[in-house]
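Step one of this worksheet: look at the structure below.
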Amino acid sequence: MTAVCEYIPGLENIPVAESAISYVDGQKGVLEYRGIPIEELAQKSTFLETTYLLIWGVLPTKEELAAFENEIRFHRRIKYRIRDMMKCFPETGHPMDALQTSAAALGLFYSRRALNDSHYIREAVVRLIAKIPTMVAAFKSMRKGNDPIQPRDDLDYSTNFLYMLTERIPEPVAARVFDVCLILHAEHTMNASTFSAMVTSSTLTDPYGVIASAVGTLAGPLHGGANEEVIDMLEAIGSVENVRPYIEDCITNKKKIMGFGHRVYKVKDPRATILQGLAERLFEQMGHDRFYDIALELEKVVEEKLGHKGIYANVDFYSGLVYRKLGIPTDLYTPIFAIARVAGWLAHWREQISENRIFRPTQVYVGEHSRPYLPFHDRG
Ligand code: SDX
């Protein structure tokens, strides 16, 4: 019988698994994927190469990467019955709810649970990495009553996704910046959605249900949903002059400032630094965005007021400005986070399934005991 430990709400700072996938040093602002610094991957890698590294633990050879990319291209299309299902979704529905529903629906077609079969595992990885972007883009088209734009096999992963949003081939700089955004969002140790994926996969269910659990968790504004809220906040602030009063009001009324703070980073999130650079690169090529001036002032004031509490910009603060410049609608920002994080969720799923051990924490019971069952006339 395991001894009951002290009650730690939400398992804060409690290690729940051993993992070799990624490493974060929150005091120094370090993030590594399989030991490689995020800055190097952002500069030199692609999202599919990084996905391969995260899931199988090694950088692929040229041939292995080409084979992986071809498998992804081959599996990009989604079943027409999933598209028909999406036609019944309300056009006012949030794309994260559409994604969670359609990710689970994949399990209706591919749910065999041969979790000890490396071929099945690879098939599930390829299908999810390939089909999630198509489902995100399909719902965007279909909720406006349009037919979904079909994926193009002649386009690379990020170019194809941006093409499926607009039916226009993006500028190479836009596709490259977007691909780096996917690298930056791919994995981040034991965050809430990854933990959700692991709890679900610990019951040995199919990988499609695992991803559906994780998508539902990522959708919340305290987690992946913050990127969309940041743009709404910048819009509400409206000008550089309004930044300081806005922040002072948040602090007085203990309102969380979206895009800031982190359970692990107590310095600026290294991903925010890279995303800021990507935003500036886009502004140089595609024109300035006045929201960036507001964001810079906001970051300065928050650091002045809350830096002493270790509250700095996180990954969600600048990502929205990049997507906005790429012309992506704000309610697709979190689905894009999900497109990237499927790589990390699947890496943890593959690393953990051999454990064969269900996640089942305990609780501290604070309720009553031995209460009598009362008939209606004795209640109220
Ligand atoms: C992601 O875990 C991951 O790795 C997540 C992620 C990933 O890649 O998977 O990095 C992605 O989710 C980034 C975070 C995106 N969320 C937001 O930007 C939402 C705003 N941020 C906060 O909600 C908050 O910072 C959290 C949820 C991210 C972390 O909160 P914690 O660690 O639970 O901190 P806390 O709520 O206990 O706050 C500690 C103190 C409190 O003040 P006191 O009551 O002690 O005086 O810091 C304050 C909080 O009020 N605080 C904030 C704040 N975040 C913390 N005050 C104002 N604005 C904020 N954003």
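These numbers come from a predicted model, not from an experiment. Read the numbers this way: they start at 1 and go in the same order the structure lists the ligands and their atoms.
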- prompt: Does ligand 1 have any atom that is closer than 4.0 Å to a heavy atom of Pro221?
  reply: yes
- prompt: Is the closest N or O pair between Lys255 and ligand 1 shorter than 3.5 Å?
  reply: no
Contact check: Phe260 vs ligand 1, nitrogen or oxygen atoms, below 3.5 angstrom: yes
N/O donor to acceptor pairs below 3.5 angstrom from side-chain atoms of residues 143-150, sequence neighbours left out:
| residue | atom | partner | partner atom | Å |
| --- | --- | --- | --- | --- |
| Arg143 | NH1 | Asp331 | OD2 | 3.0 |
| Arg143 | NH2 | Asp331 | OD1 | 3.2 |
| Arg143 | NH2 | Asp331 | OD2 | 2.8 |

- line: So for Arg271 against ligand 1, with non-hydrogen atoms under 4.0 Å, the contacting part is side chain
- line: Between Met135 and Met86 the two heavy atoms that sit nearest each other are O-CE, 3.4 Å
message: Less than 4.0 Å is my threshold; does some heavy atom of Glu12 fall inside it relative to ligand 1?
response: no
query: Polar-atom distance check: Lys266 versus ligand 1, any N or O pair below 3.5 Å?
result: no
message: Could you identify the single nearest non-hydrogen protein atom to atom 14 (C) of ligand 1 and state the distance to 0.1 Å?
response: Asn314 ND2, 3.6 Å
query: Is the closest basic N to carboxylate O distance between Arg34 and Glu187 below 4.0 Å?
result: no
For atom 4 (O) of ligand 1, closest protein heavy-atom neighbour: His188 ND1, 2.6 Å
field: Proximity of Lys309 to ligand 1 by residue part, where a heavy atom lies under 4.0 Å
entry: side chain
field: Carboxylate-amine/guanidinium proximity below 4.0 Å for Glu49 and Lys44
entry: no
statement: A student checking ligand 1 against Asn191 at a 4.0 Å heavy-atom cut-off should list atoms 2 (O), 3 (C), 4 (O), 5 (C), 9 (O)
- line: Here the pair of heavy atoms bringing Leu182 nearest to Ser158 is CD1-OG, 3.6 Å
task: Ignoring hydrogens, tell whether any protein atom lies closer than 4.0 Å to atom 39 (C) of ligand 1; use the non-hydrogen atoms only.
output: no
field: atom 30 (O) of ligand 1 within contact range, any protein heavy atom under 4.0 Å
entry: no
query: Does Asp156 come within less than 4.0 Å of Arg176, counting only side-chain N to carboxylate O?
result: no
query: Should we say atom CZ of Phe74 is surrounded by more than 12 heavy atoms from elsewhere, each under 6.0 Å from it?
result: no
query: For atom 47 (O) of ligand 1, what's the nearest protein heavy atom and its distance?
result: Ile311 CD1, 3.4 Å
Short N-O contact, Glu297 and Lys300, less than 4.0 angstrom: yes
For atom 6 (C) of ligand 1, the protein heavy atom that lies nearest, with its residue and separation: His262 NE2, 3.7 Å
statement: Between Tyr33 and Ile183, the two heavy atoms sitting closest are OH-O, 2.8 Å
field: Region of Ile257 that comes within reach of ligand 1 [heavy atoms, distance under 4.0 Å]
entry: both
task: Tell me which part of Asp269 gets within contact of ligand 1: side chain, backbone, both or neither, using heavy atoms under 4.0 Å.
output: neither
query: Which atom pair, heavy atoms only, marks the closest approach of Pro329 to Lys140?
result: CG-CE, 3.9 Å
- prompt: Are His188 and Tyr265 close enough that their ring centers fall under 6.0 Å?
  reply: yes
For atom 53 (C) of ligand 1, closest protein heavy-atom neighbour: Lys256 CD, 3.4 Å
- request: Could you tell me whether Arg83 sits above the aromatic face of Tyr80, with NZ or CZ closer than 6.0 angstrom to the six-membered ring centre and within 45 degrees of the axis?
  value: no
query: Does Glu187 reach ligand 1, in the sense of a heavy atom lying below 4.0 Å from it?
result: no
field: Per-atom contacts of ligand 1 with Ala226, taking only distances under 4.0 Å to non-hydrogen atoms
entry: 15 (C), 16 (N), 17 (C), 18 (O)
- prompt: Residues in salt bridge (Lys or Arg N to Asp or Glu O under 4.0 Å) with Glu303, at least two apart?
  reply: none
query: Can you list the ligand 1 atoms lying under 4.0 Å from a non-hydrogen atom of Asp316?
result: 1 (C), 13 (C), 14 (C), 15 (C)
field: Which residue and heavy atom of the protein sit nearest atom 28 (C) of ligand 1, plus the separation
entry: Gly261 O, 3.8 Å
- line: Result for side-chain contact (heavy atoms from CB on, under 4.5 Å) between Trp349 and one of Thr200, Val342, Ile55, Leu115 points to Leu115
query: In the protein, which heavy atom is nearest to atom 34 (O) of ligand 1, and how far is it?
result: Arg263 NE, 4.7 Å
- request: For atom 9 (O) of ligand 1, find the nearest protein heavy atom and state the residue, atom name and distance (0.1 Å precision).
  value: Arg341 NH1, 2.8 Å
- prompt: Going by distance only, is there an N or O of Gly259 that falls short of 3.5 Å from an N or O of ligand 1?
  reply: yes
- request: Would you confirm whether any non-hydrogen atom of the protein falls under 4.0 Å from atom 59 (C) of ligand 1?
  value: yes
query: Looking at ligand 1, does Leu222 have a heavy atom less than 4.0 Å from it?
result: yes
task: Establish, from distance only, whether the side-chain atoms of Tyr52 and Glu69 form a donor-acceptor pair under 3.5 Å.
output: no
